[in-house]
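See structure below.
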Amino acid sequence: GIYFDALVSVDKAQIAQTVVREFKAESHGSDRVRDVYFTGALADSIATTVVGEFNYMPGRALLENISFNIGLDTFSLVSSKPIEWDKHYIQSDALEFKGSGGALHLAGRLSLTEALKHKGTFSAELNARPLNYFLRTPEAVLGGAYELDFEFSDHAGLEWTAATSITELSLNGISYGSFKGQMSYAPQYSDVFISGTLFDELQSYATTRGHYNTAQDDLDLSLSLDALNVASLNPFFDGAIAGLEGYLDGGIQIYGPLNKWNTRGEVYWNNGAIEIPLLGAQFSVAKQSLITLSDKGFELDSIKLISMEDETQALSWGAIEHHQLKDFGLDIRLSTDSLLAMNKERNAEDMFYGTAVAAGEMHLTGPVEQLQLTVQATTKEGTLLKIPLDNPTAVELPGFIRFVDSELPRVSLKSIEDERDFFGADLGLEVTEVAKIELVLDEVLGDIIRAQGSGSMRLKILEDESVELYG
């Protein structure tokens, strides 16, 4: 044959939504037998780099020294059968990759004409790192060992089946035992059938069954819960809610278009606990508490909260809104005759701290990044509200004090909108003689203004983190 060398170099190319950078390939040999070397990278937060070589002859290629990475995990070719093709098909009997993230196995045939049918298998044994890289949801970090077996053919339309098995499954560090699931596609019905079970050696915690119609874009999935641990949900609330504990029993239906699904159903929250970090308040939940799921989110129905510190109580209701488990928002109300509503040590960023025992109403509303707390309450014995004023302040009017951090520039409305995250509060308090208030001018030197008496006070925390105190 004719011997020649060839080199191809591409700085950047886009295929659909995928950007390929610095692709290079070179080949040496004749027009019948050639050795090809290649390298390239897919643009990403951690670029996926593929390098390798193969020996080419007409209708056949043998891969060698292939490696690629998924995030921080690198996979290398450990065994392969030749890739073969003609005008009717492309096929390989076996390709196997192994690496720090697990192992991948591929085999199959893709038809180029109607004379032959597609068929193939794909299996994987992976740890959670590659999956977390693909998902990229910091509020939902998976753990465990994952196995997947996927098989397809088109003898009567493109049919496929998939079976997955997960051991030592965890979400955000909370263990959930094992999971086994199956999916299959029946082309005559345009339906993907779904089933799965979450379990350990003691019991089943969740089962799911349903289908997705691809022709109508219609998902119909039922989920049954039995003592399912809710502690893994804490990161979803972006610090607005913490210390979430307890177990869920009940039933949920997930329905609608695949990208616009909704939920409905009822679950009971048992042995529950919750913390509101803003107030440092920790509560247990009395007996069973009903939570209704709808297209608006999680609706809370008269949940009784009991302070873990002194067993004072409050009644809470409202909703936790979300859009497909993202963009969470709160609309929660609370009413009490006497509650330890705040029990907070000082942190550097806090606008107030101390203890507050009160009777009245509270409303916490807004996206979790832009929460607004509104309180109308009367203080009771045990209240010691401390307001840190360690930065220089200015008194603007008698009887009206506005505290301003003079060392920082005022934040413009535009910068607030760009930054998004803020917390606002409007606390209207009827102060009784049993309550104590301290204005901490310098905690180190003990420079503190202490007050005790009765009257009205209003404390506001604005979106730019300035504080206003009236009364």
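This chain uses plain numbering: 1 for the first residue, then up along the sequence.
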Within a strict 4.5 Å, meaning less than it, do heavy atoms of the I320 and L330 side chains meet? yes
Rounded to the nearest 0.5 Å, how far does CG of N65 lie from CG of L77? 8.0 Å
Which of these passes side-chain hydrogen bond (donor to acceptor under 3.5 Å, both in side chains) with Y212: D217, D220, D191? D217
For Y205, run the side-chain hydrogen bond (donor to acceptor under 3.5 Å, both in side chains) check against T197, D200, D226 and tell me which one passes. D200
Between S316 and R333 (side chain of the first, backbone of the second, donor and acceptor by atom type, cut-off under 3.5 Å), is there such a pair? yes
With a 4.0 Å cut-off on N to O distance, would you call D295 and R264 a salt bridge? no
Per the side-chain hydrogen bond (donor to acceptor under 3.5 Å, both in side chains) rule, which among K460, Q376, R458 passes with D426? R458
Could you check whether the rings of Y189 and F193 sit parallel, tilted or perpendicular, using 30° and 60° as the cut-offs? perpendicular
With no hydrogens and no angle check, just 3.5 Å: does a side-chain donor-acceptor pair link S338 and T312? no
Look at the rings of F328 and F298 and say which category their plane angle falls in: under 30° parallel, 30 to 60° tilted, over 60° perpendicular. parallel
Does a sphere of radius 6.0 Å around CD1 in I46 hold more than 12 heavy atoms from other residues, nucleotides or ligands, not counting ones at 6.0 Å or beyond? yes
Can you give me the closest heavy-atom contact between A140 and F236, atom names plus distance? CB-CZ, 4.0 Å
Please determine whether the number of non-hydrogen atoms from other residues, nucleotides or ligands lying under 6.0 Å from atom CD of Q182 exceeds 12. no
For M308, is there any backbone N or O sitting under 3.5 Å from a side-chain donor or acceptor partner on S284? no
Has E345 got more than 12 heavy atoms of other residues, nucleotides or ligands less than 6.0 Å from its CD? no
Rounded to the nearest 0.5 Å, what separation is found between the OH atom of Y146 and the CD atom of E168? 11.0 Å
Are any non-hydrogen side-chain atoms of L112 and W85 less than 4.5 angstrom apart? no
Using modelled atom types only, decide if a donor and an acceptor are shared between the side chain of T208 and the backbone of S222 within a distance under 3.5 Å. yes
So, the side chain of S232 versus the backbone of I174: is there a donor-acceptor pair under 3.5 Å, distance only? no
Taking atom CZ of F237 as the centre, report whether more than 12 heavy atoms of other residues, nucleotides or ligands fall under 6.0 Å from it. yes
Between T214 (side chain only) and S190 (backbone N and O only), is there a donor and an acceptor less than 3.5 Å apart? yes
Are any non-hydrogen side-chain atoms of D249 and L225 less than 4.5 angstrom apart? no
Flag the pair T355 / E309 as yes when at least one side-chain heavy-atom distance between them is below 4.5 Å, and no otherwise. no
Can you find a heavy atom in the side chain of S153 that is under 4.5 Å from one in the side chain of E151? no
Shortest non-hydrogen pair, S76 vs S67, comes out as OG-CB, 3.7 Å
Spacing of CD1 belonging to I254 relative to CH2 belonging to W261, to within rounding of 0.5 Å: 6.0 Å
K98 and E96 ion-paired at < 4.0 Å: yes
Would a 4.5 Å heavy-atom cut-off, applied to side chains only, mark V357 and V434 as touching? no
Give a yes or no on whether a salt bridge exists between D44 and R136, defined as a side-chain N under 4.0 angstrom from a carboxylate O. yes
Quick one, K119 and Q91 - any side-chain contact, counting heavy atoms below 4.5 Å? no
Without hydrogens or angle criteria, can the side chains of S335 and E361 be said to hold a donor-acceptor pair below 3.5 Å? yes
For the pair N69 (side chain) and T49 (backbone), establish whether a donor and an acceptor sit closer than 3.5 Å, ignoring hydrogens and angles. yes
Just wondering, are more than 12 heavy atoms of other shown residues or ligands nearer than 6.0 Å to CD in Q14? yes
Short question: side chain of K380, backbone of D337 - any donor-acceptor pair under 3.5 Å? yes
Spell out, as yes or no, whether a donor-acceptor pair under 3.5 Å connects the side chain of N234 to the backbone of A231. yes
Value rounded to 0.5 Å, distance of CG in D331 from CD in E299: 10.5 Å
Can you establish whether the number of heavy atoms outside Y89 located under 6.0 Å from its atom OH is more than 12? yes
Once rounded to the nearest 0.5 Å, what's the spacing between atom CG of L459 and atom CG of L427? 5.0 Å
Okay, side chain of N172, backbone of E139: is any donor-acceptor separation there less than 3.5 Å? yes
Taking the side chain as C-beta and beyond, is there a heavy-atom pair between L42 and F68 under 4.5 Å? no
Say whether, by atom type as modelled, one donor and one acceptor occur between the side chain of E433 and the main chain of A435 under 3.5 angstrom. no
Distance only, no hydrogens: is a donor on one side chain within 3.5 Å (strictly under) of an acceptor on the other, for Q372 and H363? no
More than 12 heavy atoms of other residues, nucleotides or ligands under 6.0 Å from CG of N259: yes or no? no
